[in-house]
Amino acid sequence: METDGKYNNYRDLMSFTKDELNEYLTGLNEKKFRASQIYEWLHKKLADSYDDMTNIPKKLKDTLAAKYEARPMRIEKKLVSEVDGTAKYLMCTMDGNIIESVAMQYPYGMSVCISSQAGCRMGCSFCASTIMGLERSLTASEMLSQIYLIQKDMGRRVDNIVVMGIGEPFDNYDELIKFLRMISDENGLNISQRSITVSTCGIVDRIYDFADEEMAVTLAISLHAPYDELRKSIMPVANRYSLRQIKEACLYFINKTGRRITFEYAMIAGVNDTPECAEKLVSYVKGMLCHVNLIPLNSVKERNCRASYAAEVRYFEKYLEKNRINGTIRKGMGRDIEAACGQLRRECLEEKSKSFHKNERM
Ligand code: SAH
């Protein structure tokens, strides 16, 4: 059927935008209001299955269910921090990929950190997510699903979203943009774009594209080093794009959107935490409409690096302050549940592969 041809690569009904669902259902000779009803079930009422959709005729549900799952993902495991209530979720896609999402509760609301890919191919030397490479990119519906499942499970509205989990969002650009449009759409959860942050390791071409989307989403750049030579030694992407190119793209973004950029700077002992680095960092960001986030490194046991001492972090903070640069030290959340990106997924995959090998030997 022609209607299906176009959507053959869709595995779940949540992948359809409202217009696509409209077009699809019209092709099935359905009444016009059905698309609105179904879209609302999926994206506003957060239905778990076709069974929940009580005002949709069974025949139509059966037709749809024969081709598309209602939901692309489910919660596999949940860990809750005893320290601060942070909840870490392992989610499982239909094809068995495991990804991570985190819900952080603050006095002013709940913030959710989502993954954009299963694995990552950026290869940053301090990061657990990239150790086993990239399995595949996530679809927009799989990104939406992380938000929906957490909102339902926590019984609380998601107020802020950060795309800072596993993966490089700008390595999955089209699905990322589709996700951002759908999550901030009034026919869905209608989360304000101003409450969303996308973090990139600095894929310059995409920073320009992103600026041209003219969304009100905050852009965060993982800087981590204030000069190219050092950056190349910890982030392979620095071989493709220089800090100068990143800065030009950031200035374009700021100019185009009027929005402040966040620079993330994970402090690694003896690597990027010297007074010379602080000085270079300040001269790099000076004059830009930006905010610097100092992140004490989360130790990853496979990675040979550890967090800077508090004294170095404080030195950076004071040095930024002295130079009138906006900056904060990021508060670590959920340390007791390994909330840093990629660590749980990796452990889970290792466990799976161990039991797989065990089974093989038997
Ligand atoms: N790929 C994107 C988004 C995912 S990572 C990016 O690079 O921005 C989210 C943030 O966590 C990035 O700033 C990343 O560099 C940082 N990060 C990765 N491993 C970390 C670790 N072990 N400790 C602290 N921050 C880490």
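Side chains included, hydrogens not; waters and symmetry mates left out as well; all remaining heavy atoms used. Every number for a ligand or one of its atoms is a count from 1 in the order of the listing. Worth saying up front: this structure is predicted, and the values here are computed from it rather than measured. If you read the sequence from its start, that first residue is 1, and numbering goes on from there.
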* Under 4.0 Å from any heavy atom of Cys201, which atoms of ligand 1 are there? -> 6 (C), 7 (O), 8 (O)
* Return yes if some donor-acceptor pair links the side-chain N/O of Arg240 with the main-chain N/O of Val204 below 3.5 Å, else return no. => no
* For His224 and ligand 1, answer yes if some heavy atom of the residue is under 4.0 Å from a ligand atom, otherwise no. => yes
* Atoms in ligand 1 flagged as close to Gly167, the criterion being non-hydrogen separation under 4.0 Å -> 1 (N), 2 (C), 3 (C), 4 (C)
* **Parallel, tilted or perpendicular: ring planes of His43 versus Tyr148, cut at 30 and 60 degrees** => perpendicular
* Distance filter under 4.0 Å to Cys127 heavy atoms, resulting ligand 1 atoms -> 18 (C), 19 (N)
* Asked: With distance as the sole test, does Asp273 use its side chain to make a donor-acceptor pair with the main-chain N or O of Glu312 at under 3.5 Å?
  -> no
* Asked: Does even one non-hydrogen atom of Gly202 get within less than 4.0 Å of ligand 1?
  -> no
* Asked: Less than 4.5 Å apart, any side-chain heavy atom of Leu189 and any of Val158?
  -> no
* Side-chain donor or acceptor of Asn272 paired with backbone N/O of Leu230 under 3.5 Å -> no
* Parallel, tilted or perpendicular, as decided by the 30° and 60° cut-offs, for the rings of Tyr208 and Tyr252 -> tilted
* Asked: Do any nitrogen or oxygen atoms of Phe126 come within less than 3.5 Å of a nitrogen or oxygen of ligand 1?
  -> yes
* Asked: Side chain or backbone of Thr200 under 4.0 Å from ligand 1, or both, or neither, by non-hydrogen atoms?
  -> backbone
* To do: Examine the proximity of ligand 1 to Glu264 and report which part, side chain or backbone, both or neither, has a heavy atom under 4.0 Å away.
  => side chain
